[in-house]
Every structure is written in C-alpha cells, then in structure tokens.
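What follows is one structure encoded as structure tokens, with my remarks underneath.
Predicted model, so just to flag it, every value in this text is computed and none were measured. In the text below, chain A, chain B and the rest are named by the order of the sequence lines, each starting its count at 1.
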Amino acid sequence: MKVRQSAKNNESNGSTEYDFKKAEERWSKYWQERGLFKANGTLGTKPKQYVLEMFPYPSGKLHMGHVRNYSLGDVVARYNRMRGFDVLHPMGWDAFGLPAENAAIERGIHPENWTLSNIGYMREQMKKLGFSYDWDREVATCLPDYYKWTQWLFLKLYENGLAYKKRAKVNWCPHCKTVLANEQVIDGKCWRCHSPIEKREIEQWFFKITAYAEDLLNDLDNLDWPEHVKAQQRNWIGRSEGALVKFAIEGTDKVIEIFTTRLDTIYGATFMVLAPEHPLAMELVQGTALKELYDEYLKRISLKSEIDRLSTEKEKEGFFLGKYAVNPFNGERIPIYAGDYVLTEYGTGAIMAVPAHDERDYAFAVKYNIPIRPVVVPKDGEEIKNGEVFTEYGVLVNSGPYTGKTSEEAQKLMAEYLEEHNLGQKSVTYRLRDWLVSRQRYWGAPIPVVYCEHCGTVPVPEDQLPVILPREVDYLPGDLVSPLATDEEFVHTTCPKCGGPARRETDTMDTFVDSSWYYLRYIDPHNEQAPFDKELAEYWMPVDIYIGGVEHAVLHLLYSRFITKALKDMGYVTVSEPFSKLFTQGMVTLGGSAMSKSKGNIVDPDDILRDYGADAARMYTLFVAPPEKDFEWSQQGLEGIVRFIRRIWNFYCKYADEVKEAVAAPMGKLFEGMSEYDEKALRAVNRLVYRVTEDIEDNYRFNTAIAAMMEFLNEVTDYDEKVSGAVMKTLLETFAKVLAPFVPFLAEELWAMLGNAPSVHEQSWPQWDESMLQENTVEVAVQINGKFRGTVVVRNGASEEEVREAVMSSGNFSKYLSKEGGYKKCFYVPNKIINFIV
RNA sequence: GCGAAGGUGGCGGAACUGGCAGACGCGCUGGACUUAGGAUCCAGUGGGCUAAACCCGUGCGGGUUCAAAUCCCGCCCUUCGCACCA
C-alpha cells in the first residue's frame, strides 16, 4: 500500500484532511505572540541581512502581484533566518499620493480615513498570508512621525544647495491638476491617468539630482541588478561627450553657444538652429521687421501639443531669424534659424546644423533649401549615395588643416584649438533633468518653507517640524492652485527669522520623495530625535536584497539612489548605494494582460485564501514560473499545488506517530546494517537539501526548488514502507525544515505533528553531506557514433575500461559494434556518457 | 534608430563548465476504487506507425565537434524600455 493511495485510508490511519484555516490562525497568532520575526539589531554578533520588498500603495486590497512579490521576499527572509542571519524584514505603506486623494474624492471620504482603513485591511491580509514581517517597524508615509523626516530631508537638501526653487516650464496634467516630474511623463501623457500633458510656467521646487549624474551612472557598474534595469537608468541619465562651441553673431556682441558630439563635422555646418523658446531668438528679432512674424511662429509652435512635438513623422518647422553666425574655424557666415526640433532643455538649446552628417539637419536643410556640404567620408572609401546621410565616424575632407584626419583625431585637435582661443571646450551633457518635487495637491507632505516679506524664502527650522498637513481642507484640486492655499489658517504664519508675517508654501512634495528614503526609517522607526540612528544605519545598510516590480526601474530606484548619495555626502549614512542586489519579479496576468480593476480581470487574494489557504497561494505563485517572468494565473495550476500539499500532509499523517519515539538518524553517516531503502531515503533527503539550497542561492530559482521537493516526495513514496523509523524521522524533520520558508503554516504543523516544540522557523537550515550526494552505482549513457543507444549501470567512478567492459558484456549493443568489440575511437565522460565511433 | 531580454511538447517551464532534450506541474488518454465522482490512486503522454525496431525533432540556414538547445557565422521573429538628446 502506498501513500499515494492514502486519501482513502486516512480514516484508518486516524488522520484527517488538512485544515489549513485552523493551522493558519493558530500559527499566525503564535508567531506574533512570540515575536518570532523581530530583527535583533545585535550589532555584530550575527551577520545581518536586510531583506526588503517594495512597500505597497494602500489602494484598498492586496492583488496577486503583491502576493507574488511578498511571497518571494518572505522565502528569502525565512531562509536567511534559518541560515543564522539577523534578518531585518519590514513592511510599510506608501500612503501619500494622488490615487488616494482621487479615490477619496470619488467616495466623499477624507483621504486620511480612506488610506488608514485600507492600511488596516491590507495589513490583516498580509498577516493571513503569513509574511514574516517585523510589524513593530511598520511605517506609513502619511503619518506626521514619518513625514516630519521627509520634511527634514527637504531641509537638509536645501541647506546643501540640492533643493532650489525656480520658475520653469513644467509638465502639467490637466486631469490630475498637478505638475509632474519628467520621469512621470510617458509618451507625452500622465503616467497615472494618461491625459496628454501640457506645458505650464510656474515657480517650482526642484531637487538637484543632476549634481549626481556622473555618480549615478558610474556606480551602476558595481550593483548586482538586472542588466535591463541598469540599461534603463543609463539610458535615462543619457551621458554624451562632446564640446561646447561659441559662435559669434555677426554685427552684434552676442554669441551662440552650442553643444555638439560631432565637433569634427564643424566645417560642414551650414546653418544654426535655436530652440524656438531660446531667449536669444527673441533678442535677435527684437526691433526688426521679423518680430511680428516670429511671435506668430512661436504661437503656432506652442499650440502643438506635447504629443505632436514628440511624433517622429512631424515635419520640422523653422524660422530664419535674419542674422548670421560666424564659424570659429573658417570664419564662414552661417544663417541662424529657430527650429522646433531643437529642445530648450537639452544641451544649450542651440545647435550647429550639419545636414550632410545628421538626419534631422538634413531634412531641415532640404526643406529650407540650405546647402549640404559633406566633410567626412567613410574610412574604407565607400561611396555615399545621393540622399543618404553619412552619420558615422570617418576621414575629414574640405576641413582646412584637419583634412585627412580621422573623426577621432579631429575632435581632439579641434577641442584643443577651441580652448586655446577661448572659443569653447570639451563638455559632457546629460539627458537627466533636475527632479521637480512640487505638487499642487492636498495629500502629501507639506514643503517646509515660508515666504517672508523681509527675509524672502525661509526654511522652517528643524525644531518646528513637522509642518502638519491640516485635516479639514477643501482638498479638491484647483487650477494651478494648491488646495492648501485655500486654508487661511495654514497659509498665514510668522517668519521664523524675523517674526514678521509670512506665508507658507502651499505645495506638497511628490510622493516619490516619501519613498526615496523609507528603507532608512525601518532601521529606526520610532526615533523622535532623528530620522534614524547613524550607527544602526551603518549596521543595517545597504539593503541586501530588494524585491519589486520593474515599473520602478527609473523613477523610485533612481530617486532612492540619489537620496542615499546625498545623505552620504552630508554624513548621515556611510553607503553610497541603498540596494546592493535588486530582483524584479514578473507580473501576474489573467487573459494575457496584467490584472486590473478597470479590465475586470482580477483574482482576489481573499477568495484564494478562503478556498485554498495561504500556503497554497504562496507556493503556487513561487512554483508556476521563474520569479522574474510574468505568469498567467491558472486555477488548475493552483490545484496542482493543493494536491501536493495534501500529499505531504497525508505522508506525515501516516508516519508521524510511528517516528515520535525514534531517534533520528544522522544525515551523513551510513550506519552498520542499514538497509538498501534506508540508504536510498537518506540519499534522497540529502539531495533534496542540496538542490533546494542551490536553487535558492542561485538567484531565487524557487520554481525548480519546489520541483525538487515534488520529485523527492514522488521518490520516497515509492519505498516509504521499507524505511526504518530512525531514517524516516530524519527524512520527515528535514523535509519540514526545507518546506518552512515556502509553506510556513504547513511546515509548522508538520513539525509539531512529529512531537517537536515550535517553531520550525527557529531551526537551523539543514546541511547536506557531500558524500551522500553520490550514488553507489550510476547509469552511463551509451552512444554509438554520437547517437544514444542505451545505458549501462556501473559503479560510481568506474574507469573507461570498466565501462567499455560493461558495454561489451551487456549484449545490448552487439549489433552496433563489430565482433571483438572493434571500434575506431571511444570517448568517455566519467559517470555520464560513453561514445563509440565505429 | 538606440538599448535590453527572449524564441524548447497542447500549456507553464527543466536541462551544471557542450554529454540520455522535455525534469516538475497543468492538461489530455486509458484504467482502478466508487451509487456517483469534477475526489483519490495507477499507467501512458514530443512527432511519424497499432506496435517494437527505426527515423525526425529545441525559430531558420550554415559551421566547429566523437557529441550542440548550449559554442561560432549569417538571418527571421517576439516582448520590453528610450526615442527630434545635437
């Protein structure tokens, strides 16, 4: 009778169906009471491990993506605890922000009530799922004891010249009624509501992330992050090496400064282009007949929406400004245009145009009938066809003294010439712009600044923090007016410097500011004197493993890196990177696309918890696909895991009583008179530990780790009844420990069933014995002329001789091998394969 | 256009430094047990034949090798990110 048939036999064994509800309630309560998952912060007695998952936005309920994300992190946390690490595994809430506010407006509830009640619900869901968080460290970014320190962060950045205010054209979302950072504009649309964004000019606060562009770029090299995330950040930072060149404007004392990466093509510059909004463009037409036409042109350009501007098919539109620049190399007169394909924000907002070697310049030149003069030819002498634009490096022609030089040489020599004559220099430009952090919304951390008639902009002193977000405010968004501006009591204050009347800043901070430092607050969440203790931060930082979705590849992950670097330079932390390893998990889809309320393709974790239990939900999300890949939710797949759990349960029911009194056999040593099946079982359990450990360590391959557990159970149920009590006890105890990080409730139940005191989660992770991974005999594949023809069984480590002998004597291969075992050649890979060439 | 990751059964996916392709699970087929079963268990399941023997099979075409999903050359396709960045 095998255990696989045991469902029928449960009653006869006195066992019952696994009651996951009871088990989950019981153990989750026990864990909390015992405080099993508290990080010790023992400062050095144990190695530390900071395991972090991206905290959720409290949108209402957990979705399957959360379940997957947090199941991954929980395996890592529990595994590391069993491995003897002092594990910090916290959870909190990214609780400020637009969606909370919008949802609250729709439902007519205060954002705070809405948010806090969501948090309460989601926290309970997480507890039901058995995630091993240290709940004493929970943070919510919308609470004053948290945002006090977000405001502190703002002040520190301000003190250090990394926060500043300027009037700027900003991205304005007409639907959300707020400005957005560049990173939050996707294809010219709002990242949240997808409305086309507009350009507005307002005074806004910025963080000077560009000051760290170089470090943010270089330090990527040393991070254990997925390559595609690093690539996205590199792309976003967008470093270009080139040169700044000053072109004098004929008949004036003005110069146009341009940035180019192709200084070597400067002899081919046949026109200049300024961004339409470039102040110089306006100056050049001022007081001329062109002024009126230019105003019209500007109006036309600005009417084009951001989307049109970004469209690749869009025709470039230029305007001749009636003036000429002078090429600093050959003195040539070059007409100056305004053109909408030149961006104000990048480089200097002005270019030299070389139509022969740049596609965009070429299109413009053709349209406005401007000469096209090639000055670089391919090194290999290849012909350039008419109408083709040669944009690569080559050899210079028609370039005065530089003719005959390669592009590389010319760039170097020309830059030297520029510097000698004070006409420009080498330069590096980035695409990265400063981070716009002002938001004209209610539900965020108020920017801690006041404006005084006498003193100007004055930061709120640290000891007056937090600047409390008033509760009773008309928080409906206005047009370019922050809701806080309507609260007279909030607005009117006194200047901290002179005591005179002053007005508060009424904008709140981008929620990405809140989340850019939360991993530091977990380290010391109740500290009232500082955002965190320096020594504790030194102990816990950096986060050893950070798990979350790819959607944060640039936004949150770049901001956090910047904030960490800034805090390091101010002396608050000692690390320059917050997350040494990043793991981005895939999405959970249904019907081929990400689950979303609007699409209606939702699987509600509550239903799954109710019908199948936490362990099944967790293990299924871990098993169904490699963790970094998307997977399609399948009820049947989940039921497969439920079956597996049931089989484990039945197996333990069958033997638990029997082995209670037994003394567990050691993992490694084969004792005298051990039976064949005992040995088999012992080897199987060693192999199990080995495979699961390796799979976890090798980039979290939980899907194959679980497959190894299934194989293990499949194998031992083939001969379980022949295994002795001592070995069975070892087997059951070890398997329970291996299961613990994956199905924590079940594992605890199994552990107790064996007569052990809780908790299995306090046990050490089992060790395998290297010698037990080897079998006594191995199956060697036999190939004839490279084709598989069968196998032979030989002793482990058999020599080529022995294997050849076994092949010859087996008789199975005689039809392929000539008599006397004749063959030309033979290749043997020990314990694997033997190939005869005949 | 630039950058990144991928193409393996009906499906999700395994396969260590080249060494028995398809582990594990889902699904499917047949059987057992059952009043019944969508429960459970047993057997089978890449394609070609009823079947063994055999042949063919990891996107396509070449190549290296005793041996290729894996290495090299040349293509094709998919997904994702960025995109008038000078």
With heavy atoms under 4.0 Å as the rule, sort A/N235 into base, sugar-phosphate or nothing. base

Whole Å only: how far is the CH2 atom of A/W225 from the C1' atom of B/rA5? 18 Å

Full working for side chain to side chain contact (heavy atoms under 4.5 Å, CB included) between A/V743 and A/F644: CA-CA 11 Å; A/V743 279; A/F644 178 52; over 6 Å; no

Hey, is the side chain of A/N835 pairing donor to acceptor with the base of B/rC66 inside 3.5 Å? yes

Within residues 700-708 of chain A, which residues have any heavy atom lying less than 4.0 Å from an atom of RNA chain B? A/R701, A/N703, A/T704, A/A707

How would you list, by chain and number, every residue that makes a side-chain contact (heavy atoms from CB on, under 4.5 Å) with A/R431, sequence neighbours excluded? A/N235, A/W236, A/Y346

Counting only side-chain nitrogens and oxygens, does A/R643 get under 4.0 Å of the OP1 or OP2 atom of B/rC26? yes

Does atom CD of A/E408 have more than 12 heavy-atom neighbours from other groups under 6.0 Å away? yes

P atom, B/rA51 versus B/rG13: distance in rounded Å? 31 Å

Roughly, in whole Å, what's the span from CD in A/E257 to P in B/rA86? 16 Å

Taking atom C1' of B/rC66 as reference, at what distance in whole Å does atom CZ of A/R789 sit? 14 Å

Rounding to a whole Å, what distance do you find between A/I833:CD1 and B/rA68:C1'? 12 Å

For RNA chain B, write out the stems as range with range, using runs of 3 or more consecutive Watson-Crick or G-U pairs with both distances under 3.5 Å. B:1-7 with B:76-82, B:10-12 with B:24-26, B:27-32 with B:40-45, B:46-48 with B:54-56, B:59-63 with B:71-75

Whole-Å distance, A/Q783 CD to B/rG18 C1', equals 11 Å

So what does A/G640 touch, heavy atoms closer than 4.0 Å: a base, only the sugar-phosphate, or nothing? sugar-phosphate

Whole-Å C1' distance, B/rU29 and B/rU35: 25 Å

Pairwise P distance, B/rA5 and B/rG9 [rounded to whole Å]: 23 Å

Charged N to carboxylate O under 4.0 angstrom, A/E711 versus A/R691? yes

How close do A/G548 and A/M54 get, heavy atom to heavy atom, and via which atoms? CA-SD, 3.6 Å

CE of A/M709 versus C1' of B/rA14: gap in Å, rounded? 16 Å

What distance, rounded to whole Å, do you find between the two P atoms, one in B/rG46 and one in B/rU58? 16 Å

Under 30°, 30 to 60°, or over 60°: which ring-plane class applies to A/W768 and A/Y690, parallel, tilted or perpendicular? perpendicular

Grab the two heavy atoms, one from A/V642 and one from A/A616, that are nearest each other, plus how far apart they are. CG2-CB, 4.0 Å

OP1 or OP2 of B/rC56 less than 4.0 angstrom from a side-chain nitrogen or oxygen of A/K787, does that happen here? yes

Rounded to the Å, how far apart are A/D630 CG and B/rG6 C1'? 12 Å

Across the strands shown, which category fits A/K832 at heavy-atom distances under 4.0 angstrom: base, sugar-phosphate, nothing? base

I'd like to know if A/R646 pairs up with A/E639 as an ion pair, taking the criterion as any Lys NZ or Arg NE/NH1/NH2 lying under 4.0 Å from an Asp or Glu carboxylate oxygen. no

Using the P atom on both, measure B/rG18 against B/rG1 and round to a whole Å. 34 Å

Under 4.0 angstrom, heavy atoms only, what part of the nucleic acid is A/P226 near: base, sugar-phosphate, or nothing? nothing

Could you report the tightest heavy-atom contact between A/Q411 and A/L263, atom names first, then the distance? O-CD2, 3.9 Å

Tell me whether the OP1 or OP2 atom of B/rU40 has a side-chain N or O from A/R646 closer than 4.0 Å. yes

Return the value, rounded to whole Å, for the distance between atom CD1 of A/I641 and atom C1' of B/rG12. 12 Å

Hey, are A/K654 and A/E721 close enough for a salt bridge, meaning a charged N less than 4.0 Å from a carboxylate O? yes

Counting any heavy atom closer than 4.0 Å, what does A/E359 reach on the DNA or RNA strands: base, sugar-phosphate only, or nothing? nothing

Taking B/rG47 as the reference, what is the distance to B/rG22 when you measure between their P atoms (whole Å, please)? 13 Å

With rounding to whole Å, what would you report as the distance between B/rC82 and B/rA68 at their C1' atoms? 36 Å

Can you classify the ring geometry of A/Y341 versus A/F364 as parallel (below 30°), tilted (30 to 60°) or perpendicular (above 60°)? tilted

With syn defined as a glycosidic torsion within 90 degrees of 0 and anti otherwise, which applies to B/rG9? syn

Note: A/D221-A/R234 ion pair, threshold 4.0 Å (strictly below): yes

Is A/F631 touching bases, backbone alone, or none of the nucleic acid, heavy atoms closer than 4.0 Å? nothing

hbond_proxy A/E639 side chain to B/rC26 base (donor-acceptor, 3.5 Å cutoff): no

When rounded to the nearest Å, what value does the distance between P atoms of B/rA23 and B/rC11 take? 15 Å

